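What follows is one structure encoded as structure tokens, with my remarks underneath.
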2 protein chains.
Amino acid sequence: MNQLEPLAQEDRDAFLALPFRLKEVEAGQVILDEGSDTPSCIELLAGFTYRHRTLRNGARQIISVHIPDDFPDLQSGLLGTAIHTLQMLTPGRLALFRAEDLQRLVFERPAIRNALWRETLIDISICGEWVINVGRRDARGRIAHLLCEFAMRLRSAGLLEGDSYELPMTQDQIADAIGLTAVHVNRTLQEMRRSGLIYTERGIVKVTNWMGLAALGDFNPQYLPIEPDRG
Amino acid sequence: MNQLEPLAQEDRDAFLALPFRLKEVEAGQVILDEGSDTPSCIELLAGFTYRHRTLRNGARQIISVHIPDDFPDLQSGLLGTAIHTLQMLTPGRLALFRAEDLQRLVFERPAIRNALWRETLIDISICGEWVINVGRRDARGRIAHLLCEFAMRLRSAGLLEGDSYELPMTQDQIADAIGLTAVHVNRTLQEMRRSGLIYTERGIVKVTNWMGLAALGDFNPQYLPIEPDRG
DNA sequence: CGACTGATTGACGGGATTCAACAACCGTGG
DNA sequence: CCACGGTTGTTGAATCCCGTCAATCAGTCG
């Protein structure tokens with residue numbers, strides 16, 4: 001969520017005046033490794049990232065997916081150590097801030113503190129929704145909810161036009177995000193296509209029945225504190 | 001997590017000088033209803049709470065459990081609306097602060113801001129761990145992980161002595177916390193008792209094999225930024 | 001064209017759910 | 001003191017959603 005937008009010009013300028021390092025990254029590139037120290041805070045300028053962890057039994061769970069303008073990992077940036085792996089879903093561009101600089105800015109500018117804190121609170125909201133998704137919905141519901149959430153977030157970021165968008169995830173990754181296997185995701189997606197809910201083609205998702213998809217996923221966008229409609 | 005402890009005396013005093021309302025509450029009492037406005041921030045002084053939501057299909061998912069000294073719902077307190085129901089697990093005592101007072105204090109005292117922000121970040125860590133738990137572990141692993149997490153948090157709060165503690169949850173509630181049914185939780189607990197991992201009796205959980213339990217739950221306490229040992 | 005990654009399909013097995021009934025425990029009140 | 005209703009815990013049988021394994025197909029790229 002780009003919470004910096006509603007800031008006063010002065011605050012925006014102060015933020016943009018921070019020294020940072022630009023970094024172009026490829027798809028699949030690991031940004032932060034689980035357990036590594038993280039002296040810097042990251043803003044995602046372009047592309048998509050995801051945070052995940054692999055258990056000893058080999059199973060992997062994706063904890064969150066980030067879209068442009070998100071801060072994918074304020075947590076480890078401020079706690080000091082990464083507890084998840086942060087990786088690129090697509091090629092992209094990052095801005096790396098030194099944690100101490102950000103700390104100082106946050107100290108000096110309450111508006112920025114509020115914006116970042118708010119961003120953090122939204123992260124919790126989304127994470128809680130993922131717990132619900134993985135814990136209490138069946139395969140169709142989980143996928144439907146994921147697709148709805150992604151659409152909403154993209155829309156609020158101005159990255160969604162019409163009723164289709166690019167979901168840059170393989171079925172393997174979708175499976176790891178919703179706690180299923182790729183095989184079952186595949187079958188479920190087929191079923192949803194047959195039902196006329198969605199249409200997919202090479203990473204492009206087209207929602208052909210919004211009401212039906214939202215109903216299937218029991219989707220209530222209230223947890224995304226975002227202006228109700230803009231598209 | 002009581003992150004206020006390491007604060008300077010001056011900051012502690014400022015916090016404690018805030019006007020607040022004390023509230024004694026019974027077990028099962030609803031503190032905050034999903035969708036309601038929340039003008040106040042809550043600190044849990046005694047007892048346990050949990051945050052949960054019920055889906056349209058009737059399934060319920062518990063998103064988090066809170067122990068004394070936690071702020072169970074900074075999120076809705078600061079975002080303005082509750083997206084989950086907050087309810088007492090046991091009888092307890094709450095301190096209700098006006099959100100604006102807390103905001104002001106946070107503005108005036110960077111140390112308190114840091115403490116609360118840190119608390120928020122820990123909440124995210126735990127929430128992410130729950131996603132992993134519910135998404136990628138089998139029944140035994142989920143229960144084991146839940147028990148380990150609870151023990152660690154209680155220990156860091158000074159509420160754990162020896163190898164047993166009170167887990168104030170029914171099997172129904174445990175099931176809703178880890179995305180299973182009460183029936184399956186029951187059978188799995190029996191299996192774990194037979195394996196000699198734990199011993200349970202009326203809400204009291206006694207861990208008889210810490211290593212085994214941690215291994216079963218693939219538990220790595222790193223996500224709880226807590227001093228490694230104190231007991 | 002081969003090598004690779006990702007999507008698709010089929011057969012089979014298993015962990016978890018469902019439904020139902022029953023037992024154990026609790027505080028309450030006659 | 002015991003009957004009582006309500007909650008929680010326990011058990012069994014049948015079912016099903018999803019996982020596993022493995023093979024095949026499709027698209028991309030050097």
Side-chain angles (χ1 to χ4, degrees), chain A residues 26-29 50 55 57-62 87-91 133-144 146 166-195 198-205 216, chain B residues 26-29 50 55 57-62 87-91 133-146 166-195 198-205 216-217:
Chain A
E26 304 166 8
Q29 190 170 335
Y50 67 116
L55 300 182
N57 63 17
R60 185 180 67 158
Q61 178 66 45
I62 296 179
Q87 198 168 355
M88 295 307 298
L89 220 37
T90 66
N133 203 34
V134 170
R136 285 302 183 209
R137 276 191 264 261
D138 64 8
R140 285 173 304 161
R142 293 186 206 184
I143 295 180
L146 181 73
E166 187 182 0
L167 180 71
M169 300 174 77
T170 66
Q171 294 184 354
D172 240 304
Q173 289 163 337
I174 294 175
D176 286 340
I178 60 180
L180 295 172
T181 58
V183 172
H184 199 63
V185 166
N186 183 291
R187 290 195 239 263
T188 307
L189 277 174
Q190 290 178 50
E191 187 189 328
M192 292 169 71
R193 283 189 294 242
R194 279 195 300 272
S195 315
I198 56 172
Y199 172 84
T200 64
E201 186 184 349
R202 283 199 281 129
I204 307 292
V205 174
L216 185 61
Chain B
E26 304 165 9
Q29 192 170 331
Y50 66 118
L55 300 183
N57 62 17
R60 184 179 68 157
Q61 178 66 44
I62 296 179
Q87 197 168 356
M88 295 306 297
L89 219 39
T90 67
N133 204 34
V134 170
R136 284 300 183 211
R137 276 190 265 260
D138 64 9
R140 286 173 302 161
R142 293 186 207 185
I143 294 180
H145 193 276
L146 181 72
E166 187 182 0
L167 180 69
M169 300 174 76
T170 66
Q171 293 184 357
D172 238 305
Q173 289 163 338
I174 295 175
D176 286 341
I178 61 180
L180 296 172
T181 59
V183 171
H184 199 59
V185 166
N186 183 291
R187 291 195 239 263
T188 308
L189 277 175
Q190 290 179 51
E191 187 189 328
M192 290 168 73
R193 282 188 294 241
R194 278 195 301 272
S195 315
I198 57 173
Y199 171 83
T200 66
E201 185 184 351
R202 286 200 277 130
I204 307 290
V205 173
L216 186 60

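Protein chains get the first letters and strands the later ones, always in sequence-line order, with residue 1 at the start of each. Everything numeric in this text was worked out from a predicted model, so none of it was measured.
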**Heavy-atom check, side chain of B:Met192 versus side chain of B:Leu216, under 4.5 Å** = yes
**Inter-residue atom distance A:Met169.CE - A:Ile62.CD1, 0.5 Å rounding** = 4.5 Å
**Asked** Roughly how many Å is it from NE2 in B:His184 to P in D:dG9, rounded to a whole number?
**Response** 16 Å
**Request:** Answer yes or no: is there a side-chain heavy-atom contact under 4.5 Å between A:Leu167 and A:Thr200?
**Result:** no
**Selection: residues 133-140 of chain A, any non-hydrogen atom under 4.0 Å of DNA chain D** = A:Asp138, A:Ala139
**Message:** Going by the rule side-chain hydrogen bond (donor to acceptor under 3.5 Å, both in side chains), which residues pair with B:Arg142 if we only count those two or more places apart in sequence or in a different chain?
**Reply:** none
**Asked** Among all residues two or more places apart in sequence or in another chain, which pass the side-chain hydrogen bond (donor to acceptor under 3.5 Å, both in side chains) test with B:Arg187?
**Response** none
**Asked** Can you name the side chain to side chain contact (heavy atoms under 4.5 Å, CB included) partners of B:Asp138, sequence neighbours left out?
**Response** B:Arg140
**Message:** On a heavy-atom basis, which atom in B:Thr188 and which in B:Ala139 lie closest, and how many Å separate them?
**Reply:** OG1-CB, 3.6 Å
**Request:** At the 4.0 Å heavy-atom cut-off to chain A, mark where contacts on DNA chain C begin and end, going 5' to 3'.
**Result:** C:dG6 to C:dA11
**Prompt:** Closest approach of A:Glu191 and A:Ser195, non-hydrogen atoms and distance?
**Reply:** O-OG, 2.7 Å
**Item:** With A:Glu26 via side-chain hydrogen bond (donor to acceptor under 3.5 Å, both in side chains) - residues at least two apart
**Value:** none
**Item:** First encountered from the 5' end of DNA chain D, between A:Ala182 and B:Gln171
**Value:** B:Gln171
**Prompt:** By side-chain hydrogen bond (donor to acceptor under 3.5 Å, both in side chains), which residues pair with B:Gln87, not counting sequence neighbours?
**Reply:** B:Tyr50, B:His52
**Item:** Angle between terminal axes - the helix from C:dC1-D:dG30 to C:dC26-D:dG5, 5 pairs each end, rounded to 10°
**Value:** 40°
**Asked** How close or far is atom C1' of D:dG9 from atom CD1 of B:Ile174, stated in whole angstroms?
**Response** 11 Å
**Request:** Only counting residues at least two apart or in another chain, list the ones meeting side chain to side chain contact (heavy atoms under 4.5 Å, CB included) with B:Gln190.
**Result:** B:Asn186, B:Arg193, B:Arg194
All N/O pairs under 3.5 Å across the protein-nucleotides 28-30 of chain D interface:
unit_1, atom_1, unit_2, atom_2, d
D:dT28, OP1, A:Arg202, NH1, 3.4

**Message:** Quick check: on DNA chain C, is the nucleotide nearest B:Arg142 upstream (toward 5') of the one nearest A:Met169, or the reverse? Name the residue that is more 5'.
**Reply:** A:Met169
**Message:** Would you compute the distance between atom CD1 of A:Ile143 and atom CG of A:Leu189 and round it to the nearest 0.5 angstrom?
**Reply:** 4.5 Å
**Prompt:** Looking only at heavy atoms, what is the nearest atom pair of A:Pro168 and A:Glu166, with distance?
**Reply:** CD-O, 3.4 Å
Considering only nitrogen or oxygen atoms on both sides, find all protein atoms under 3.5 Å from nucleotides 11-16 of chain D and state each distance.
unit_1, atom_1, unit_2, atom_2, d
D:dT11, OP2, B:Gln190, OE1, 2.3
D:dT11, OP2, B:Gln190, NE2, 2.8
D:dG12, N7, B:Arg187, NH1, 3.1
D:dG12, O6, B:Arg187, NH2, 3.4
D:dA13, N6, B:Arg187, NH2, 3.1

**pair B:Leu55-B:Gln61: side-chain heavy atoms closer than 4.5 Å** = no
Please output the side-chain donor-acceptor pairs of residues 172-181 of chain B that fall under 3.5 Å, not counting sequence neighbours, one pair per line with the distance.
unit_1, atom_1, unit_2, atom_2, d
B:Gln173, OE1, B:Thr170, N, 2.9
B:Asp176, OD1, A:Arg136, NH2, 2.7
B:Asp176, OD2, B:Arg60, NE, 2.7
B:Asp176, OD2, B:Arg60, NH2, 2.8
B:Thr181, OG1, B:His184, N, 3.3

**Request:** Could you check whether B:Gly28 gets within reach of a base, just the sugar-phosphate, or nothing at all, counting any heavy atom under 4.0 Å?
**Result:** nothing
**Prompt:** Base, sugar-phosphate alone, or nothing: which one does A:Leu180 contact when heavy atoms must sit under 4.0 Å apart?
**Reply:** sugar-phosphate
